[in-house]
Number of protein chains: 2
Amino acid sequence: MSTMTEARISKGAGPDGTDATKGGTQSPAPTYEGDFVLDEHLLLECGRTLAGPTLHYAVYGRLNTARDNAVLVCHALSGSAQVGAWWPEILAPGGLLSLENDCVICINMLGSCYGSTGPGSVDRETGEVYGPDFPLVSIRDNVRAQGRLLDSLGIRRLRLALGGSIGGMQALEWAIVHPERVERAVIIGVAPLPAMGLALSHLQRQAIQQDPEWAGGRYLPQRPPRRGLALARQIAMLSYKAAPLFDERFGRNPNRNGEDPWGLDDLGGGLVGGRFDIGGYLDHQGQRFVERFDANAYLAILRTMDTWNPQRGSSSATEAFGRIRARLSFVGISSDWLFPPEAVRHFAYTIRAAGVQADYREMDSSHGHDAFLAEQAELARLLR
Amino acid sequence: MSTMTEARISKGAGPDGTDATKGGTQSPAPTYEGDFVLDEHLLLECGRTLAGPTLHYAVYGRLNTARDNAVLVCHALSGSAQVGAWWPEILAPGGLLSLENDCVICINMLGSCYGSTGPGSVDRETGEVYGPDFPLVSIRDNVRAQGRLLDSLGIRRLRLALGGSIGGMQALEWAIVHPERVERAVIIGVAPLPAMGLALSHLQRQAIQQDPEWAGGRYLPQRPPRRGLALARQIAMLSYKAAPLFDERFGRNPNRNGEDPWGLDDLGGGLVGGRFDIGGYLDHQGQRFVERFDANAYLAILRTMDTWNPQRGSSSATEAFGRIRARLSFVGISSDWLFPPEAVRHFAYTIRAAGVQADYREMDSSHGHDAFLAEQAELARLLR
């Protein structure tokens with residue numbers, strides 16, 4: 001089997017950007033990257049607590065003396081605080097944000113494996129690693145903790161909060177939870193997860209939990225449920241991309257390494273049917289993902305995404321959204337089938353009907369949900 | 001956990017009908033059901049052979065003396081020869097076919113676990129069960145073997161060959177392989193599988209092969225890879241249904257048995273997050289499927305579907321399709337995302353451009369790919 005992995009690396013491999021290599025655009029380095037430790041218990045919506053959690057964050061550019069140039073970028077499912085690495089064109093000269101004028105902050109979500117407290121962290125109460133016992137940390141819990149971090153930086157008000165996918169959930173939640181602190185919020189490719197999205201999450205959970213190495217979530221660090229996590233990532237990849245793009249890129253071609261779908265190939269575990277090119281691509285994406293992400297963290301953040309519903313507990317949209325003071329912009333992506341543009345538009349109009357300033361824009365892209373990472377220049381144009 | 005499984009049984013649970021209960025319409029019984037054994041080796045397109053394979057088939061109604069009333073119905077991925085059980089409204093009075101006038105034949109596909117030779121059969125050459133060594137039997141191989149079976153019944157000509165999904169692949173292939181024997185063919189919700197469909201198959205294969213009980217396909221009959229096969233079925237279910245239907249039926253509701261997605265529930269393997277209703281539904285579908293289907297058979301027929309491309313080996317559409325003499329009708333399903341209606345229409349027009357009589361019709365349905373089973377009366381109306 002020849003190795004053609006390099007040829008598979010393409011722009012925007014998943015809605016987090018960490019897999020993406022952006023040809024031509026240099027990734028800016030953070031001005032500062034560090035940890036903030038909450039000096040108290042974080043009481044969670046689910047009723048449990050996190051004892052003194054850590055938030056890992058990165059800052060790009062500098063806060064001005066008026067402290068009115070802060071921008072919060074919220075990352076997607078498997079992203080990190082290093083927004084410069086996964087959204088370089090948004091931060092590049094001529095992009096949406098300016099590192100000359102803006103102070104851009106990005107905070108790793110709780111539950112993640114990129115520096116903030118998550119399943120791989122030690123529970124300060126018990127002295128044990130959380131593992132599968134890590135509690136459900138909601139989007140709102142995250143945003144409350146993030147508010148404390150910005151307090152510590154002396155940032156009272158955000159000129160802009162923005163994000164795509166689960167990052168957009170956080171941006172909107174900022175406008176709800178901290179109405180006086182957000183001037184504008186941009187919410188990209190997202191609405192409360194529809195039933196099809198909940199279904200996709202359900203499949204991904206099973207893929208991980210059926211792995212022989214899963215061990216109820218108490219897997220050994222050196223023996224993680226690699227195949228299960230890789231399959232979960234592959235399931236997710238389908239929802240991040242659009243079918244016509246797959247047809248264009250892979251079609252019904254046999255795998256580019258020469259395997260024959262009509263014949264048998266030895267892929268290392270005995271003779272099996274040769275793969276089509278799309279199969280080789282998905283396997284490659286799964287392999288890359290398990291090298292950088294943890295299964296318990298993945299499950300934790302999936303749950304954070306699944307449970308988000310800003311109308312939960314409110315008797316009306318007015319009650320849920322009426323307190324928002326920020327100007328909102330919602331962006332739907334024409335080819336997105338995970339969060340279809342109609343659902344994003346409908347969500348925007350529901351919030352507007354609650355008396356909030358909200359507009360809806362649509363990105364015409366063949367890239368599916370992934371477009372906010374794959375077509376950054378286009379996104380910047382739409383939002384400028 | 002209360003059991004509400006009965007409430008989950010709904011019309012057309014998968015594109016094969018075997019899971020479907022059709023309220024109100026009685027399933028007609030076959031006039032005859034039996035086996036045909038090919039008295040020679042079947043040389044397969046992949047280069048291997050099947051030694052004296054068996055075709056299990058069912059007949060409904062009776063052949064008339066002119067022998068000109070034969071209709072061949074081809075079943076879908078996990079279906080059986082008992083078309084009366086899964087397409088009762090098509091056979092019912094006022095449906096598309098008439099058991100008074102038509103002689104309806106349905107033949108179980110090779111590779112299946114419903115009576116025809118498949119991975120669970122003994123290879124006559126070796127005396128061993130095929131298991132994972134069962135060869136790739138193409139759609140064309142199936143249709144050639146089916147031709148021999150119809151020879152044995154004295155049926156020279158079909159007034160109609162029809163089927164949905166992989167059944168539609170067979171119906172079209174009949175018109176190609178046996179041009180003088182088919183008067184009309186109806187091909188429903190199908191075209192060569194696009195890249196997204198190949199991707200879905202790739203995920204399903206992994207789900208099965210990652211099951212701890214898989215054992216390289218040599219699993220014990222009493223210990224099949226149940227969880228893997230159930231997950232494969234769930235992945236497939238997403239592609240058989242349409243997102244708006246899921247929203248309408250399940251939305252973001254918690255599982256109807258009272259589980260709480262925000263809390264923890266004991267589902268038998270320790271405390272885990274409660275499921276949404278769509279999760280409970282998918283689990284139920286997976287469980288029902290593993291009670292009736294075999295993992296190796298599932299993999300065999302997936303491969304039969306994946307590899308189908310009637311233009312393979314031809315230098316042009318005219319060469320591939322020009323020999324067809326039957327009138328063809330293609331049916332696209334408006335909400336089908338596995339075989340999108342545009343792809344079915346495009347396929348029909350490609351064949352028409354090769355000089356074949358072919359029309360395209362569209363079923364307006366919210367049921368997705370599954371509509372040819374879920375809305376049989378509507379389908380019959382469209383085709384009459």
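Just so you know, these numbers come straight off a predicted model, no measurement behind them.
Here the CG atom belonging to Leu77(A) is positioned 7.5 Å from the CD atom belonging to Gln204(A), to the nearest 0.5 angstrom.
Proximity of Leu238(A) to Leu282(A): side-chain heavy atoms (C-beta onward) are separated by under 4.5 Å at one or more points. Between Val190(B) and Leu172(B) the shortest side-chain heavy-atom distance does not fall below 4.5 Å.
Heavy-atom distances place the side chain of Leu136(A), and not its backbone, under 4.5 Å from chain B. In this structure, chain A has no heavy atom under 4.5 Å from any part of Leu245(B). If you measure heavy-atom distances from Arg312(B) to chain A, the contacts under 4.5 Å come from the side chain alone.
Of all the listed residues (Asp133(B), Asp211(B), Leu193(B)), the one sharing the greatest number of non-hydrogen pairs under 4.5 Å with chain A is Leu193(B). Between chain A and the options Gln210(B), Met196(B), Gln206(B), the largest number of non-hydrogen pairs under 4.5 Å is found for Gln210(B). Here Trp262(A) is the residue among Phe246(A), Trp337(A), Trp262(A) with the most heavy-atom pairs under 4.5 Å with chain B. When Ala243(A), Pro192(A), Cys46(A), Ala199(A) are compared by the number of non-hydrogen pairs under 4.5 Å with chain B, Ala199(A) comes out ahead.
For Asp141(B), the side chain to side chain donor-acceptor pair (under 3.5 Å) partners two or more places apart in sequence, or in a different chain, are Ser138(B).
Defined by atom type and a distance below 3.5 Å, a donor-acceptor pair is present between the side-chain atoms of Ser165(B) and His369(B).
Ring geometry, Phe347(A) versus Phe321(A): the interplanar angle exceeds 60°, so the pair is classed perpendicular (tilted spans 30 to 60°).
Residue-level contacts of residues 296-309 of chain B with chain A, in order of numbering, are Arg303(B), Asp306(B), Thr307(B), Trp308(B), Asn309(B); threshold 4.5 Å between heavy atoms.
In terms of modelled atom types and a separation under 3.5 Å, the side chain of Asp123(A) and the main chain of Glu128(A) share no donor-acceptor contact. Using a distance-only test at 3.5 Å, with no hydrogens or angles considered, no donor-acceptor pair links the side chain of Gln311(A) to the main chain of Ala320(A).
Applying the side chain to side chain contact (heavy atoms under 4.5 Å, CB included) test between Asn142(A) and each of Leu44(A), Leu110(A), Leu42(A) identifies Leu110(A) as the sole match.
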